[in-house]
Asks: 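Structure below; questions to follow.
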Amino acid sequence: MTPTPGTSSQALLTYAEGELRRAGRPHQVLAGTMHYFRVHPDHWRDRLERLAAMGLNTVDTYIAWNFHERRPGDRRFDGWQDIERFARTAQETGLDVIVRPGPYICAEWDNGGLPAWLTDRPGMRLRSSYAPYLEEVAHWFDVLLPRIIPLQASRGGPVVAVQVENEYGSYGDDHAYMEWVRDALVRRGVTELLYTADGPTTLMLDGGTLPGVLATATLGSRADQAAALLRTRRDGEPFVCAEFWNGWFDHWGERHHTRSAESAADTLAEILADGGSVSLYPAHGGTNFGLWAGANHADGALQPTVTSYDSDAPVAEHGALTPKFHAFREKLLAATDAPPRPLPPSRPLLAPRSLPVTPESGLLTALEAVSGTVASPHPLSFGQLGQSSGLVLYRAHPVLPPGLTELTVTGLHDRVQVFVDGAAVGVLARETASLTLEGAGQPVRLELLLENQGRINYGPLLGQGKGILGGVRVERRLVHNWTMFPLPLDEWAPDDLERATAAGGQGTSGFATARFDAEGSGDTFLTLPDFGKGFVWINDFLLGRYWNLGPQATLYVPAPLVAPGANRLTLLELERFGDHVELRAGPDLGEPEEYIESFS
């Protein structure tokens, strides 16, 4: 067989005359997205088996650069970061693997997967032929790809395709950059099928596709139109929907996005009937544990993504098989005539219960106790402090003139609680970065507790910094001489949590604990009635954010994080304590709203 343009003769997947082939035989890729970084490693096999039972033959995953290299040169591929173990587990389950190494991934993941230490570098230009950026990507690929190359199908592994960048046509038109990424993959030994993925519009396909590299589409509807557009541009290429958005993710302050099983199954059937290949995005969404949730930006407002990444997927956040799972399974099995695999059993759950909460320490006292200090004439950004996520407490002692005066924070990214002499006086956000204070012509202790609510993962503001990027003014006068307390919550060790809870002090917010005994192993769902906004740890593992703004009302707690016997929950509440928390037997992701994404 003549090799497919842009692929090696060793590639397992090839195409000709509009047909995708596997080892020379007609083939439909029936894939589902599952991100190893959003699923506890002890659950990888369970979730992969559920994907296979749905009738899928392939799993695809992004590789999140920042998940592996949080600090320059400190690259991790063990434990949760063991991408090789994930791929081998998929192979043992009978699934092929598609790898999407970026370096940019979007994925509603913090900073689109790019490390903060990279994007915070002054003058950095992302996703382009800018030499300092390419140099760092090359260093990353030098470490990552030697782990992927032996996993290729040509070497007996499960990897059958590798994506070149990700939806680049939604971002830019630097074709030399895209060629560089393609060549970087090939030079390092990628021999399997290469492809690009873009939204099905001429604008996006013009910017993101490469000659000789299979062009695929990402979409939630109108698959027939996408297929027709691709065929007018790529004669002889098969139709591949690299992401079929069968659900959608949520932002804080919105409703929970859902899509009916019937609607999603109809679009899936449309793709399959056309002979197309597909990847369900996601097949299993998982969770934005810790502070890994990203954010979007629209109409001048930040849109932070919630902790859950359930995304109304066919395999729910906790592994449940939903009506959408069964509707998809029917379509997939009918398309392939494959014998059905047995359905995996439901996973065990802990018994529901209510847990009293014990306040432990006051907010500002505790945060000061657990952090060192950095002094500067000007407020420093997260990047200048060498911090990627979490909180920073800023303190200064300006004189407030007598009477009412306006305090303004310029370049506020993202949310600040304002305290004057220890008393909470207001909350500022990007969109409302000023408030009125009353002064007496005397110095005050001004404290700004700033929260990074997730780095933007999509669009032209990708890579924006966090913290106070401008300055703080009292009327027209800048405030100088700041002390900063860096608080990288997701990097705290158990000793940091102990110091925080033992710091003392009282108030309506701060650190609190709750305890429970687990009889046996099981998942559970944590809800925090009457609490405001904050973060929660279980046994020193940071589950993520909670916020009464909704829509998400429960946090998923996977069984591997629950110890046999005694367990401790630690809460950092920013606004107001409740008196109890609850463990429930099911999720509450908020008031649903039907949502189907489409490109106009």
Asks: I need the minimum non-hydrogen distance between Tyr309 and Ala107, along with the two atoms involved.
Replies: OH-O, 3.6 Å
Asks: Check whether any side-chain N or O of Tyr168 sits under 3.5 Å from a backbone N or O of Arg127 as a donor-acceptor pair, and report yes or no.
Replies: yes
Asks: Which residue, Lys466, Arg545, His413, forms the side chain to side chain donor-acceptor pair (under 3.5 Å) with Glu451?
Replies: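 Among the candidates, only Arg545 passes.
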Asks: If every non-hydrogen atom of Cys241 is compared with every non-hydrogen atom of Leu219, which pair is closest and at what distance?
Replies: SG-CG, 3.7 Å
Asks: Would you say that Phe67 contacts Gln81 through its side chain, given a criterion of any heavy-atom pair below 4.5 Å between the two side chains?
Replies: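 Phe67 reaches Gln81 side chain to side chain.
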Asks: Checking Asp250 side chain against His257 main chain: does a donor-acceptor pair fall under 3.5 Å?
Replies: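 A pair under 3.5 Å: yes.
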Asks: Could you verify whether a donor N or O on one side chain and an acceptor N or O on the other, from Trp292 and Asn66, lie under 3.5 Å apart?
Replies: no
Asks: To the nearest 0.5 angstrom, please state how far the CZ atom of Arg329 sits from the CG atom of Leu321.
Replies: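 With rounding to 0.5 Å, CZ (Arg329) is 9.0 Å from CG (Leu321).
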Asks: Where the side chain of Thr216 meets the backbone of Thr196, is there a donor-acceptor pair that is under 3.5 Å apart?
Replies: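 Answer holds: yes.
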Asks: Between atom CG of Asn246 and atom CZ of Phe325, what is the distance when rounded to the nearest 0.5 Å?
Replies: 12.5 Å
Asks: How many angstroms lie between atom CG of Leu194 and atom CG of Leu214, to the nearest 0.5 angstrom?
Replies: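 Atom-to-atom, Leu194:CG and Leu214:CG are 9.5 Å apart.
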Asks: Working to the nearest 0.5 Å, report the span between CH2 of Trp65 and CG of Leu118.
Replies: 5.0 Å
Asks: Does any N or O in the side chain of Glu431 come within less than 3.5 Å of the main-chain N or O of Leu302, such that one atom is a donor and the other an acceptor?
Replies: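 Yes; judged by distance alone, with no hydrogens or angles, the pair exists.
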Asks: Please determine whether a side-chain nitrogen of the Lys or Arg among Asp82 and Arg88 lies less than 4.0 Å from a carboxylate oxygen of the Asp or Glu.
Replies: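 Looking at Asp82 and Arg88, the cut-off is not met.
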Asks: Verify whether one side chain among Tyr458 and Glu167 offers a donor that lies under 3.5 Å from an acceptor in the other.
Replies: no
Asks: Taking NZ, NE, NH1 and NH2 as the nitrogens, is one of them in Asp274 or Arg231 under 4.0 Å from a carboxylate oxygen of the other?
Replies: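 Looking at Arg231 together with Asp274, the answer is yes, because their closest N to O distance falls below 4.0 Å.
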Asks: Give a yes or no on whether the ring-centroid distance for Phe289 and Trp80 is below 6.0 angstrom.
Replies: yes
Asks: Determine yes or no for a side-chain-to-main-chain donor-acceptor pair under 3.5 angstrom, with Trp44 supplying the side chain and Tyr36 the backbone.
Replies: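 Between the backbone of Tyr36 and the side chain of Trp44 there is a qualifying donor-acceptor contact (under 3.5 Å).
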Asks: Any donor-acceptor pair under 3.5 Å linking the side chain of Gln28 with the backbone of Gly276?
Replies: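 Flag set: sc Gln28 to bb Gly276 pair under 3.5 Å.
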Asks: Anything under 30° is parallel, anything over 60° is perpendicular, the rest tilted; go ahead and classify Trp245 against Trp248.
Replies: perpendicular
Asks: The test is side chain to side chain donor-acceptor pair (under 3.5 Å); show your working for Glu165 and Tyr177 and say whether it passes.
Replies: CA-CA 10 Å; Glu165 239 271 359; Tyr177 164 63; 2.8 Å; yes
Asks: Measuring from atom CG of Leu268 to atom NZ of Lys331, what distance do you get when rounded to the nearest 0.5 angstrom?
Replies: 8.0 Å
Asks: Under 6.0 Å between ring centres: does that hold for Tyr556 and Phe525?
Replies: yes
Asks: Using 4.0 Å as the upper bound for N to carboxylate O, is an ion pair formed by Glu92 and Arg45?
Replies: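 Yes, Arg45 and Glu92 are salt-bridged.
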Asks: Before you tell me yes or no, could you show the steps for Asp110 and Ser389 under side chain to side chain donor-acceptor pair (under 3.5 Å), namely the whole-Å CA-CA distance, both residues' side-chain angles and the distance that decides it to 0.1 Å?
Replies: CA-CA 9 Å; Asp110 189 68; Ser389 52; 6.0 Å; no
Asks: Check for a donor-acceptor pair, side chain of His284 on one end and backbone N or O of Met34 on the other, with a separation under 3.5 Å.
Replies: no
Asks: If you round to the nearest 0.5 Å, how far is OG1 of Thr432 from CZ of Arg415?
Replies: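 These two atoms lie 9.5 Å from each other.
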Asks: With side chain to side chain contact (heavy atoms under 4.5 Å, CB included) as the test, would you mind laying out the steps for Val557 and Leu543 before giving the verdict?
Replies: CA-CA 7 Å; Val557 184; Leu543 278 177; 3.7 Å; yes
Asks: Ile596 and Ser263: which non-hydrogen atoms are nearest, and at how many Å?
Replies: CD1-OG, 3.4 Å
Asks: Is Glu108 salt-bridged to Arg38, cutoff N-O under 4.0 Å?
Replies: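 Arg38 and Glu108: not salt-bridged.
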Asks: How far apart are the closest heavy atoms of Arg182 and Leu210, and which atoms are they?
Replies: CB-CD1, 4.0 Å
Asks: Between Asn288 and Thr305, is there a side-chain donor-acceptor contact under 3.5 Å, judged purely by atom types and distance?
Replies: no
Asks: May I ask you to decide whether Asp490 forms a salt bridge with Arg70, counting only side-chain N to carboxylate O separations under 4.0 Å?
Replies: yes
Asks: Side chains of Phe37 and Ile105, heavy atoms from C-beta outward: is any pair under 4.5 Å?
Replies: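 Heavy-atom side-chain distance check passes, below 4.5 Å.
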Asks: If we ignore hydrogens and angles and just use 3.5 Å, is the side chain of Asp312 paired with the main-chain N or O of Arg259 as donor and acceptor?
Replies: yes
Asks: Please find the pair of heavy atoms, one from Asn452 and one from Ser388, that lie closest to each other, and give the distance.
Replies: ND2-O, 3.0 Å
Asks: Quick one: sort the Tyr281 and Tyr62 rings into parallel, tilted or perpendicular, breaks at 30° and 60°.
Replies: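 Because their plane-to-plane angle is over 60°, the rings of Tyr281 and Tyr62 count as perpendicular.
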Asks: Look at the side chain of Thr267 and the backbone N and O of Ala264, then say whether any donor-acceptor pair between them is shorter than 3.5 Å.
Replies: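 Absent.
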Asks: Answer yes or no: is there a donor N or O on one side and an acceptor on the other, between the side chain of Thr93 and the main chain of Leu95, under 3.5 Å?
Replies: no
Asks: State whether the number of non-hydrogen atoms from other residues, nucleotides or ligands found under 6.0 Å of Glu17 atom CD is greater than 12.
Replies: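 Open: at most 12 neighbouring heavy atoms sit under 6.0 Å from CD of Glu17.
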Asks: For Arg100 and Gln163, which heavy atoms make the closest approach, and how far apart are they?
Replies: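 That closest heavy-atom pairing would be NE-OE1, 2.6 Å.
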Asks: May I ask you to test the Thr14-Leu193 pair for a side-chain heavy-atom distance under 4.5 Å?
Replies: no
